[in-house]
Each structure stands twice: as C-alpha cells, then as structure tokens.
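A short write-up of the structure that comes next.
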Amino acid sequence: TTEYDWRKVEAKLNSYPQFITNIDGLDIHFIHVRSKHPNALPVIVTHGWPGSIIEQLKIVDPLVNPTAHGGKASDAFDVVIPSMPGYGYSGKPTTPGWDQARIARAWAVLMKRLGYTRYVAQGGDWGAIINDQLALQGHAELIGMHTNLPVAIPGEISKAAAAGSPAPAGLSAEEKRAYETLAHTYKNFHYGFYMGRGPQTLYGIADSPVGVAAWMLDHDQPSLRLIARAFDGEPTGLTRDDVLDNATLFWLTNTTISAARLYWEATDKKTNLFGPKNVSIPVAVSVFPDDVLPAPRSWVERAYPNLIHYNKLDKGGHFAAWEQPKLLVDEMRVGLKSLR
C-alpha cells in the first residue's frame, strides 16, 4: 500500500510501440517491436489467464536484441504480443463467439496486416490452446510454433483424472507421475469450472481490488506457492511487484469478468480442451517441472507428430515467460532455430 508504483509499469509499457486495430468488429491491442537485426524471425506471443501482456514484458528485449542478452544476431525475433479479447487494452466482446478458434483467426489477420508472410507462434496456458487452433486452420504463413504447455493429454487419461480414478494400468513411471499431477490439477480446477459456468457472477469480485487480487493469485497450488514465496522475499523468478503489476492491470482495465468469459466460450464445447488436436506443423516443446499440466514425451510425440524439439527444464512453472524468462528465451532460440 505504500511502496507499489504503477507508474513504473506505465513507463515500461510506453517504452514499446503499441497499437490498436479492429479485427472482426473488435479492437485488438498489441505490442509490436521489430528487431534491428536483418532476417529476424517474426513471432506472435500469446498470454494466458490470469495473465496479460505483463507476462511477456521480460522476454521482449532478449528476443528482439539477442546480442545484448547472451545471444547471436541470428537469434533475433520480431515480436508481436496482442492482448486477448476481453483482456488488458483490447476490446471486450459483447456477444458470444470469441472462442479460441476465433481468436486464432484474428491473430492470422493481425500478422497479415503487419506484412508478415512467414512467422512462428509461441504461448502457454490459453496461448498454447489458441496456437493449436491457429495451426489447425491451415494458415500458410505459420511455419511452426513453440509451446510451454503442450496440449497433449490423451482422452482416456484426461477422463480418468477428471473422475479422480486410480492411474490406468500400463503407464510408464513418467506417465504415472504426470497422471498424478493432472489429477491434482483437475481436483483444484474450481476457478476454471466457475468461470466456465457463470463468469458474469464474478461481478462481486470485480468490484473490489482485493477481490480481483485474490482471484488472480489463488488459481492453482504450485503458482500460489510461488507467489507466496515471492511475497516472503525468496528469489523465485517473481517479485511482489510482478504479481501486483498483473493484478493492477486487470483492476484498472476492469477486465476480470470480460477475461473470464473465455472459459465459458471454451468449456461450452464438448471436446477435450487439453487433448491432442492433430497439429501437423513443426512444433518445439519446453516442459517446466512445476506446470499444472505435465507432458511426458510419449504423449507429446503422439500429439505433435512433427516434433522438432523437446526439453524438460529443471525449474519453472506454468507462466514461464513471467517466472523464468531467460530459460524460455533460450528454449525459443534453440527450439525454433531450424525454421529460420
């Protein structure tokens, strides 16, 4: 209450070129930073919930200017970071229909408007799910993607974990550990089910900055532990300011409810949200150990037959760009190198 300074965030955001363009009747806000290095690989990076463009601010400079951050000029990216519909400074949908597939189509339009004839996509959380849809839509300009949340959980595994059943027979040791983590995630997915069933009812939470902060912080147990350690002063990759920056953006833009509607849009579909989608383009995968949706290589290989990179990191959780930006940038450089 006495130390936090939102003006620092404003200054950081204002240090990057930002734009708004109308796509399919909705204003879409995005950051767009071109690298000074020739032949930079364009990438569109998508955040998740309860995230925002705040998630990706730490990776912009290392991606755009790699020579100042331990990389080579040949590692450079042009970076596009949009705010999802209903999030941050993008418009708030007033009618149903803005699901992950429609957002993906909007991203394809955005990249085409920016003049990119070939690009890659990156994301975790909703960003990973949206990128899978982008790949399925067959946009010729999309040449590959990197994900830190592979959408690869087999249907029978997902069904058993959601029901709280014992691990199915025949799983390897790695798959069994993944199953146990998945079952725990589903058991604590109350926030997602609530937003999926009645997001408008969250108006009571959205009316209070403390309510917004609480809803942002207590969404999954590993992330809550990470946030708690940050507030206790432990070096975890996140700081108190990091956490408050994101929650404050939701408060100032009044997007708690409009962001929650994406869960209603998604869970209204009778599909395995976290299951394989038969993505055929080249995919690079980075698995962080504290993620809530684990991905053994065996599942990933079945979900992404054109797997060009797979690596399990030794630290990091669900919001990799926010928590472990250096590791994520390194993974993007290595994982997408063959697509340059």
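All values derive from a computational prediction rather than experimental measurement.
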May I ask you to check whether over 12 heavy atoms, not counting those of [X], lie within 6.0 Å of atom [atom1]?
X	atom1	answer
Phe19	CZ	yes
Arg240	CZ	no
Asn39	CG	no

Short N-O contact, [X] and [Y], less than 4.0 angstrom:
X	Y	answer
Lys312	Asp291	no
Arg102	Asp24	yes
Arg7	Glu10	yes
Lys58	Asp242	yes

Check: [Y] and [X] side chains under 4.5 Å, non-hydrogen atoms:
X	Y	answer
Leu182	Phe274	no
His318	Leu226	no
Glu323	Lys315	no

### Task
Write down the atom of Ala206, the atom of Thr256, and the distance for their closest heavy-atom approach.
CB-CB, 3.9 Å

### Summary
For Lys277 and Leu136, the nearest pair of non-hydrogen atoms, with its separation, is O-CD2, 2.9 Å

### Task
List in chain and number order the residues that pass side-chain contact (heavy atoms from CB on, under 4.5 Å) with Ser165, two or more places apart in sequence or in another chain; answer none if no residue qualifies.
Ala160, Ala163, Tyr179

### Task
I would like to know whether Asp330 and Arg333 meet salt bridge (Lys or Arg N to Asp or Glu O under 4.0 Å); could you show each step before the answer?
CA-CA 5 Å; Asp330 289 345; Arg333 289 173 181 172; 3.8 Å; yes

For the residue pair [X] and [Y], confirm or rule out a side-chain donor-acceptor distance under 3.5 Å.
X	Y	value
Glu331	Asn311	yes
Gln137	His139	yes
Thr147	Tyr304	no
Asn148	Gln122	yes

### Task
For a side-chain contact (heavy atoms from CB on, under 4.5 Å) with Ile103, tell me which candidate from Thr46, Leu262, Ile129 qualifies.
Leu262

Do any side-chain atoms of residues 74-87 form donor-acceptor pairs under 3.5 angstrom with protein atoms, and if so which ones, sequence neighbours left out?
| residue | atom | partner | partner atom | Å |
| --- | --- | --- | --- | --- |
| Asp75 | OD2 | Lys72 | N | 2.9 |
| Asp78 | OD1 | Ser35 | N | 2.7 |
| Asp78 | OD2 | Tyr116 | OH | 3.3 |
| Ser83 | OG | His29 | ND1 | 3.0 |
| Tyr87 | OH | Ala259 | O | 3.1 |

### Query
How about Phe30 and Trp107: are their ring centres within less than 6.0 Å of each other?
no

### Message
Test of understanding: with side chain to side chain donor-acceptor pair (under 3.5 Å), list the residues that count as partners of Arg261, not counting sequence neighbours.
### Response
Gln200

